[in-house]
Amino acid sequence: MQKDNTTSDTKMQQNSIGIDPKLLKPYDPKETEDRIYKIWEESGFFNPDVCIEKGVTDKDAKPFTIVMPPPNANGRLHAGHALFVTLEDIMTRYHRMKGERTLWVPGADHAGFETQIVYERKLEKEGRSRFDMKPEDLYKEIYDFTMDNKKFMENDVRRLGASCDWSREKFTLDPDVVKTVQQTFDKMFKDDLIYRGDRIVNWCAKHQTSLSEVETEFEERTEPFYYLQYGPFVISTSRPETKFGDKYVTIHPLDKRYAEYKDGQKIDLEWINGPITATVIKDESVDMEFGTGVMTITPWHDQVDFDIAERHNLDKEQIIDWKGKLLPIAGEFEGIHISKARPMIIEKLKEKGLLVKIDEAYKHNVKVCFKCNTIIEPQIKDQWFVKMRPLADRALDAVNSGKIKFYPDNYEKIFRYWMTNTIDWNISRQIIWGIPIPAKICNLCKKGFSDLKDEMTVCPCGGELRKDTDTFDTWFSSGQWTLLSLGYPDTKDLDIYHPTSVMETGRDLIFKWIPRMVIFALYLRDEVAFNNVYLHGLVNDEKGEKMSKSKGNVVNPIELVDIFGTDALRIALVVGNTPGMDLALSRDRIKGYKNFANKLWNITRFVFSSLPEQFKKSALNTQDAEIMEKFDIEIKDITSDMEEFRFYLAAEKIYHYIWHTFADEIIENSKPVLMGSDEESKTSRQTLLLEILEKSLKILHPFMPFVTEEIWSMMPVRNATHNVAGGPVENKKLLMVEKWPK
RNA sequence: GCGCGAUUAGCUCAGUUGGUAGAGCAACUCAUUUACACUGAGAAGGUCGGGGGUUCAAGUCCCUCAUCGCGCACCA
């Protein structure tokens, strides 16, 4: 081993320019990456202002902006994060090299509900509960916990090579962010876009909070389905425990079977806890085909029933309390949790002869909390709601007029569908970890008021006002993220960098996040939030299966970086990964690209060692000019791929060119020329090899920034901007701010 | 129920405006001190899910069916 190194060492030194001894060993990402990242960060070039100041970017250059989807500050990065960092960094580096005024704003998300759950689990392990703590203490603890973790997340982003401007980093609970979000609430309240109302919300009894539609999931359950005698009717239900207060029986107005019963007709009948008087309601929402075509309604605990009750102005009564226990209306069942009450109620119905039959295997979907899988109990609750219709219409207009383009384009349809069918958005959350809603609520008339300055004490009705203790839904603040991370309401950066150029994020956020950002930017600044939306798919394991903790197939990207190097991971995530499509990430795949990094390293060694000590570039002869021209055509092709967001193709093309054209053909065919005695051909060929290497490094840089920058630092002198033996030199240009080849 | 996506080599996937089917990995044959074994050369492998249509020409456009995946909605 030792001997081998010595021989090649002497050989190299004899007939070539000074070569960095590092080049004589295989490429070592571990030794390189942190060092290079530090050089980049210290150069200041992640910040477009510095680029202008140092003359790297023209101050009139076209801006290019990406706002980073802020990773959850409470945890480490997962494979999906590695993909988004890679894609956004590719775009950022490419546009920076094109000379554009390029800004990538990093961020960190407090991730309200999610983080609180993580912290609650921690409390649970310690035998504590948030319900026994003072709100301020809990907030402080979660804050410290999050801030500790935030550093790890940021460091992970750095290890992935992200060339984002850390000086502009925003955290979703930064004081200015909190202030602005509260001001937005105030503005919307004054513009009559926010109202306080008693409406059905998704209530999670475990977490003691309401949830938006995107925080709930459907789960298929097979449960018994009960047919009950309700006076002259047979009604059906899967939830007999909600039926105590049912005093309205609804029928479709055109249902001939029940034509004899008139709207508003009173019927006396025997029910679970004794005789009641039921009222017949005719409503078109009743499905004649389903069950018996007759249903009783429970407006407090069902959206559809609530809507019917609203239409006919019917009474609404709470049956189940906030912990999931039955209220006094349930009579003898009062205080029993609904999960235990059902069989008891069925037993009683049976005894009373009210149970007609049971379908044992009724398949249906139930709504569950997306975090704890607890069945959601719809409840009527006094909450803040955003009127979505007028806002969504503006978003639709923006998309229809082509101001926002989607990659892949079929997501535009999905976006449209969501904007067309949106319902009012509940923004109140009963959790601590979030931005407080700056509002007061009247104890008497129950009206709510925005009160930014916290100065109102008495309601116009004379009632006493209490402070709203709720916080905003996370998406209320992250919906304003393109604005907030650019300093809104301050316009210094906004005027330059907004609308942002690209919003790159996971395809699952097409509902949760994308529409809200469009809406808020249009509302607050009369601009779209971004001109392009690039959606990536999921990163799955090598078998194509979704990564999950329960399956134990979760891959930590930093672990892969440790083994294969960041560059290898990055390009493995990109090649062949079309937008919107899921990717199966295998170690073999990454290993192949680790080999590629080394191949490039060896190409460099060959090129450098074939140059004489005193080398000056010459003009290319006809044959070499032709080879160069072919590469230039390829570069043009790759450039248009970059412009059209086809990174999966661009990456594959440069990979293929470097390995199979440059190394396998051009270098192999150069050997006889370089060994020959025709000095003119030799110099031409040496020039060619050096130029192809230079251009290759530039094209490859956005994809594999570390190895390319490292090699660039060893490039031999040209125009006195490079030194011979490598290492940082003053005024030396970094590859990251070199110009993209034309 | 409505919508979206997928179906191409053993595996993972590309295939941009229709113009002779591609890559990576795996497997196969050969090369063995080479810039690089983290290598090179070569060969093999596909009626592009089925059926129909448009066209001089279809993996690509249209219709239809099947299978898989995902999303949304209803669910008394």
Side-chain angles (χ1 to χ4, degrees), chain A residues 4 7-8 11-12 16 19 23-24 26-27 213 217-218 220-221 223 225-228 230 235-240 242-243 246 249-250 285-287 290-298 302-305 308 362-367 408 410-411 413-414 416-418 421 507-508 510-511 537-538 540 542-546 564-565 568 571-572 575-578 580-610 637 640-641 644-646 648-649 651-653 655-656 659-660 663-664 667-668 670-671 674 689:
Chain A
D4 279 352
T7 38
S8 42
K11 195 171 75 190
M12 296 291 175
S16 68
I19 284 187
L23 257 187
L24 304 175
Y27 173 60
E213 297 307 315
E217 275 166 10
F218 285 100
E220 195 176 84
R221 298 269 169 104
E223 291 181 306
F225 193 57
Y226 308 95
Y227 288 81
L228 309 176
Y230 188 80
I235 59 151
S236 43
T237 183
S238 59
R239 303 197 61 198
T242 65
K243 294 281 141 196
D246 286 16
V249 56
T250 57
S285 68
V286 180
D287 183 354
F290 191 89
T292 57
V294 185
M295 70 170 185
T296 60
I297 60 167
T298 315
D302 186 283
Q303 181 68 52
V304 174
D305 295 2
I308 294 173
Y362 172 62
K363 247 193 213 170
H364 67 151
N365 293 325
V366 293
K367 234 184 214 182
N410 61 296
Y411 277 81
K413 256 193 226 166
I414 299 174
R416 247 203 211 100
Y417 180 86
W418 196 82
N421 296 287
R507 56 142 212 248
D508 50 321
I510 184 72
F511 294 126
L538 295 171
N540 292 325
E542 46 207 318
K543 289 177 200 138
E545 282 175 39
K546 195 172 170 175
F564 302 106
I571 197 162
V575 172
N577 184 9
T578 42
M581 292 283 293
D582 294 349
L583 174 81
L585 182 66
S586 73
R587 288 185 176 228
D588 278 347
R589 196 185 162 90
I590 309 170
K591 198 179 152 203
Y593 292 109
K594 179 182 158 70
N595 295 353
F596 175 56
N598 195 55
K599 184 76 184 179
L600 183 67
W601 195 253
N602 285 315
I603 288 170
T604 307
R605 184 194 308 170
F606 177 86
V607 173
F608 284 9
S609 63
S610 68
D637 195 31
S640 76
D641 287 336
E644 296 299 316
F645 300 95
R646 293 187 296 258
Y648 60 102
L649 283 185
E652 192 181 342
K653 281 175 188 168
Y655 166 89
H656 204 262
W659 199 317
H660 300 296
D664 291 349
I667 287 184
E668 285 309 316
S670 297
K671 285 177 182 172
L674 295 169
L689 293 180

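Below, chain A is the first sequence line, B the second, and so on; all start at residue 1. These figures come from a predicted structure and were not determined experimentally.
Residue A/Lys671 places at least one side-chain N or O closer than 4.0 Å to OP1 or OP2 of B/rA35. Contact between the side-chain N/O atoms of A/Thr578 and the OP1/OP2 oxygens of B/rA14 is found at a separation under 4.0 Å. Look at A/Lys599 and you'll find a side-chain N or O under 4.0 angstrom from OP1 or OP2 of B/rG40. Distances shown here put a side-chain N or O of A/His660 below 4.0 Å from the OP1 or OP2 atom of B/rG24. For the pair A/Trp659 and B/rG40, the criterion of a side-chain N or O lying under 4.0 Å from OP1 or OP2 is met.
Using the Watson-Crick or G-U wobble rule with both distances under 3.5 Å, B/rC48 pairs with nothing in any strand shown. With a 3.5 Å ceiling on both atom-pair distances, B/rU33 lacks any Watson-Crick or G-U wobble partner. Of the nucleotides present, B/rA66 is the one that pairs with B/rU7 by Watson-Crick or G-U wobble criteria, both distances under 3.5 Å. Across all strands shown, the partner of B/rA23 is B/rU12, judged by Watson-Crick or G-U wobble contacts whose two distances both fall under 3.5 Å. Across all strands shown, B/rC72 is found opposite B/rG1 as a Watson-Crick or G-U wobble partner, with both distances under 3.5 Å.
A/Val286 comes within 4.0 angstrom of a nucleotide base, judged by non-hydrogen atoms across all strands. Note on A/Ser238: only backbone sugar-phosphate atoms sit closer than 4.0 angstrom, heavy atoms only; bases stay farther off. A/Tyr411 comes within contact range of no nucleotide atom at all, as no heavy-atom separation falls under 4.0 Å. Within 4.0 Å of A/Ile297, counting heavy atoms only, lies no atom of the nucleic acid at all. Among the atoms of the strands shown, only primed sugar atoms or phosphate atoms (P, OP1, OP2) are found under 4.0 Å from some heavy atom of A/Asp588. As judged by a 4.0 angstrom heavy-atom cut-off over every strand, A/Ile603 is placed among the base-contacting residues. Using a 4.0 Å heavy-atom distance criterion, A/Lys653 is classed as a base contact. Using a 4.0 Å heavy-atom cutoff across all strands shown, A/Ala663 reaches at least one base atom of the nucleic acid. Among the protein residues, A/Phe218 comes within range of the nucleic acid bases, having at least one heavy atom under 4.0 Å from a base atom. Contact annotation for A/Asp664: backbone-only contact, meaning every heavy-atom pair under 4.0 Å involves sugar-phosphate atoms and none involves a base. Nucleic acid contact for A/Glu644: none, since no nucleic acid atom lies under 4.0 Å from a heavy atom of the residue. Looking at heavy-atom distances under 4.0 Å, A/Arg239 makes no contact with the nucleic acid at all. Within 4.0 Å (heavy atoms only), A/Ile510 reaches no atom of the nucleic acid at all. Nucleic acid contact for A/Gly592: none, since no nucleic acid atom lies under 4.0 Å from a heavy atom of the residue.
The side chain of A/Arg605 sits closest to B/rC36 out of B/rC36, B/rG15, B/rG71. Comparing B/rC72, B/rA35, B/rC75 against the side chain of A/Tyr417 picks out B/rC72 as the nearest. When the nucleotides B/rA23, B/rC75, B/rC36 are ranked by their closest atom to the side chain of A/His364, B/rC75 comes out on top. With B/rU16, B/rC4, B/rA6 as the candidates, the nucleotide lying closest to the side chain of A/Asn410 is B/rC4. Of the listed nucleotides (B/rC4, B/rU12, B/rC72), B/rU12 has the atom at the smallest distance from the side chain of A/Arg589. Here the nucleotide nearest the side chain of A/Asp641, chosen from B/rC38, B/rU16, B/rC74, is B/rU16. Taking the side chain of A/Ile667 as heavy atoms from C-beta on, and the options B/rG71, B/rA35, B/rC4, the nearest nucleotide is B/rA35. Among the nucleotides B/rG5, B/rC36, B/rA14, the one closest to any side-chain atom of A/Asn602 is B/rC36.
For B/rA73, the base has no donor-acceptor partner in the side chain of A/Gln303 [N/O atoms by modelled type, under 3.5 angstrom].
The C1' atoms of B/rC65 and B/rA23 are separated by 32 Å, rounded to the nearest whole Å.
For the pair A/Asp637 and A/Val294, both in contact range of RNA chain B, the more 5′-proximal nearest nucleotide belongs to A/Asp637. Between A/Phe290 and A/Ser640, it is A/Ser640 whose nearest contact on RNA chain B lies nearer the 5' terminus.
Annotation: A/Lys591, atom NZ; neighbour count of heavy atoms from other residues, nucleotides and ligands within 6.0 Å does not exceed 12.
Exactly one of A/Asn595, A/Asn602, A/Ile603 qualifies for a side chain to side chain contact (heavy atoms under 4.5 Å, CB included) with A/Lys599. That residue is A/Ile603.
A salt bridge does not link A/Asp637 to A/Arg646: none of the charged nitrogens lies less than 4.0 Å from a carboxylate oxygen.
The closest donor-acceptor contact from the side chain of A/Tyr230 to the backbone of A/Val294 lies at 3.5 Å or more, if one exists at all.
What separates CZ of A/Phe645 from C1' of B/rA14 is a distance of 20 Å, to the nearest Å.
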